[in-house]
Amino acid sequence: IMKFFHMNLPDHPEATLDGYLLDMDMALGQYVRRPAIVVCPGGGYAYCNMAEGEPVAVRYASRGFHSFVLNYSVCWDAAGFTPLQELSWAIGYIREHAQQWKLDPNKIVVCGFSAGGHLALSSGLLAENKPNAMILGYPAASAPNFPGADFMLKLLEGRADVTNEDAAKYDLVPQITK
């Protein structure tokens, strides 16, 4: 049995977090502490691709994860890299509820595809609340150097005149360390 919840993020009414919480199983009189995964759909920060959200979360739930889908701010609402703030908040929110939801706060994974992969990787490198692991599906990690990057960078910066210096902030490859 799975419980579902849907919520708008505080101060970001255009962003939502959907949760798929599994039953709180007991093994030998102890609650099973499950891992959690936050799925970040792709869409170039212009939209959230539904095919990369709920179906992925439900599949992870079938494998024993408490699963979440972050439908982050897109289009001009993404300006100032708002989606990174939203993902950091979601990870913190999940950790705050670890006891209640019987999940392991040290096993929170983010999974993202394309722009969602860029967001997931950004959370591991730059967020206040970092995940414990990342699953990156064709991430837009080298932001200025792939087709469609110009529009994505304009959305994240919130303006049309994006400089090379601006673009470099979103190029995550040089920021990856051992």
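Keep in mind the model is a prediction, meaning the values are calculated, not measured.
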Mind running side-chain contact (heavy atoms from CB on, under 4.5 Å) on Leu103 and Arg33 for me, showing each step along the way? CA-CA 4 Å; Leu103 64 85; Arg33 295 229 171 255; 5.9 Å; no
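Of the possible polar contacts, one joining the Ser122 side chain to the His118 backbone as a donor-acceptor pair under 3.5 Å is found. In terms of modelled atom types and a separation under 3.5 Å, the side chain of Asn71 and the main chain of Ala15 share no donor-acceptor contact. For the pair Ser114 (side chain) and Gly43 (backbone), a donor-acceptor distance under 3.5 Å is absent. Of the possible donor and acceptor atoms, none in the side chain of Asp171 sits under 3.5 Å from a partner among the backbone N and O of Ala168. For Glu86 (side chain) and Ser73 (main-chain N/O), a donor-acceptor pair under 3.5 Å exists by modelled atom type.
Between Ile176 and Leu121 there is a side-chain heavy-atom pair separated by less than 4.5 Å. Residues Ile135 and Ile37 form a side-chain contact, since some pair of their non-hydrogen atoms from C-beta on lies under 4.5 Å apart. Between Gln85 and Phe81 there is no side-chain heavy-atom pair separated by less than 4.5 Å. Looking only at side-chain heavy atoms (C-beta outward), Pro41 and Val69 come within less than 4.5 Å of each other. Using a 4.5 Å cut-off on side-chain heavy atoms (C-beta onward), His12 and Thr82 make contact. Contact annotation: the side chain of Val38 approaches that of Ile94 to within less than 4.5 Å [non-hydrogen atoms, C-beta and beyond]. With a 4.5 Å cut-off on side-chain heavy atoms, Leu70 and Leu9 count as touching. No side-chain heavy atom of Tyr72 sits less than 4.5 Å from a side-chain heavy atom of Leu87.
Under the 3.5 Å distance criterion, with hydrogens and angles disregarded, no donor-acceptor pair is assigned to the side chains of Ser88 and Glu128.
The two atoms that bring Pro105 and Arg95 nearest to each other are O-NE, 2.9 Å, heavy atoms only. Across every non-hydrogen atom of Leu119 and Cys40, the tightest pair is CD2-SG, 4.1 Å. Closest approach of Gly112 and Ala120 over heavy atoms only: N-CB, 4.0 Å. Heavy-atom minimum distance, Cys111 versus Val56: SG-CG1, 4.4 Å. Across Leu84 and Ala127, no two heavy atoms sit closer than the pair CD1-CB, 4.0 Å. Looking at every heavy atom in both residues, Pro35 comes nearest to Gly64 through CD-O, 3.9 Å.
Aromatic ring centres of Tyr60 and His66 lie farther apart than the 6.0 Å criterion allows. Separation of the Trp76 and Tyr45 ring centroids does not fall under the 6.0 Å cut-off.
Atom NZ of Lys107 sits in a sparse spot, with 12 or fewer heavy atoms from other residues, nucleotides or ligands closer than 6.0 Å. Asp161 CG: more than 12 foreign heavy atoms inside a 6.0 Å radius. Crowding of Arg159 atom CZ: a count of heavy atoms from other residues, nucleotides or ligands under 6.0 Å exceeding 12. More than 12 non-hydrogen atoms from other residues, nucleotides or ligands lie less than 6.0 angstrom from CD of Gln175. For Asp11, the CG atom counts as loosely surrounded, since its 6.0 Å shell holds 12 or fewer non-hydrogen atoms of other residues, nucleotides or ligands. Around atom CD of Gln100, more than 12 heavy atoms belonging to other residues, nucleotides or ligands sit under 6.0 Å away.
By the criterion of side-chain heavy atoms lying less than 4.5 angstrom apart, applied directly or through intervening Ile, Leu, Val, Met, Phe, Trp or Tyr residues, Met134 is grouped together with Leu126 in one hydrophobic cluster.
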Contacts under 3.5 angstrom, residues 47-55 side chains, donor-acceptor by atom type, not counting sequence neighbours:
unit_1	atom_1	unit_2	atom_2	d
Asn49	OD1	Ala51	N	3.0
Glu52	OE1	Gly42	N	2.8
Glu52	OE2	Tyr138	OH	2.3
Glu54	OE2	Tyr20	OH	3.1

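For Asp77, there are no side-chain hydrogen bond (donor to acceptor under 3.5 Å, both in side chains) partners, not counting sequence neighbours.
Between the CG atom of Leu22 and the NZ atom of Lys102 there is a distance of 14.0 Å, given to the nearest 0.5 Å. We find the NZ-CG distance between Lys169 and Asn164 to be 12.5 Å, quoted to the nearest 0.5 Å. Expressed to the nearest 0.5 Å, how far CG of Leu156 lies from CZ of Phe151 amounts to 10.5 Å. In this structure, Phe68 CZ and Ile91 CD1 are separated by 11.0 Å, a value rounded to the nearest 0.5 Å. Considering CG of Leu21 and CZ of Arg34, their distance stands at 10.0 Å, rounded to 0.5 Å. Here OG of Ser67 is found 11.5 Å from CZ of Arg59. Values are rounded to the nearest 0.5 Å.
Ring orientation note: the planes of Trp101 and His97 are close to parallel, at an angle under 30° on the 30°/60° scale.
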